[in-house]
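A short write-up of the structure that comes next.
Keep in mind that what you see is a predicted model, and the values were worked out from it rather than measured.
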Amino acid sequence: MRTTALLLRFLLELALIATAAYLGWTLADGGWPGTLLALLAPAAVITLWATYLSPKAHITISPPARVALETLLFGGAGYLLWQAGAPTTGTALAAVWVLDRVVLALTAGAPSALEPGRPAGP
């Protein structure tokens with residue numbers, strides 16, 4: 001179960017990056033500003049994730065701060081998708097993220113082959 005939740009988490013990360021590019025383009029109404037934002041918004045998300053949220057993050061933050069930053073990223077993306085005319089997609093992104101966080105919290109300590117430093121179990 002934990003391995004599935006971790007795989008879903010990775011897919012959610014990719015969806016967040018794609019959403020940032022889409023929102024940059026859409027909310028800037030295309031053109032050069034849209035192109036620039038479609039490149040910079042995903043770069044900002046990747047930088048935040050790599051610096052604070054990845055398993056090999058450069059800066060370690062407390063678990064509540066991690067959840068708060070993830071909430072800001074996924075909740076903000078969901079809200080902006082709603083504002084950009086994709087309410088179903090925005091709601092789905094946020095809801096799947098919440099569900100994944102719950103499953104990861106409930107399976108904390110369970111073995112998974114995807115987590116460094118943890119035995120995979122039999």
Spacing of OH belonging to Tyr52 relative to CD1 belonging to Ile59, to within rounding of 0.5 Å: 4.0 Å

Least distance between heavy atoms, Trp25 atom then Gly34 atom: CE3-C, 3.5 Å

Any pair counted as side chain to side chain donor-acceptor pair (under 3.5 Å), so long as it reaches residues 84-99, sequence neighbours left out: Glu70-Trp97

Atom of Pro42, atom of Leu39 and distance for their closest heavy-atom approach: CD-O, 3.5 Å

Transitive ILVMFWY side-chain link Val103 to Leu8, under 4.5 Å: no

Nearest heavy-atom neighbours spanning Ala94 and Phe74: CB-O, 4.4 Å

Contacts of Leu104 that satisfy side chain to side chain contact (heavy atoms under 4.5 Å, CB included) - sequence neighbours left out: Arg2, Ala5, Leu6, Arg9, Asp100

Heavy-atom pair of closest approach, residues Ala20 and Ala41: O-CB, 3.4 Å

Heavy-atom pair with the smallest gap, counting every atom of Arg101 and Val67: NH2-CG2, 3.2 Å

Non-hydrogen atoms of Leu93 and Ala77 that approach each other most closely: CD2-CB, 3.9 Å

Under 3.5 Å donor-acceptor, Thr107 side chain and Ala110 backbone: no

Check: Trp49 and Leu16 side chains under 4.5 Å, non-hydrogen atoms: yes

Trp82 atom CH2, over 12 foreign heavy atoms within 6.0 Å: no

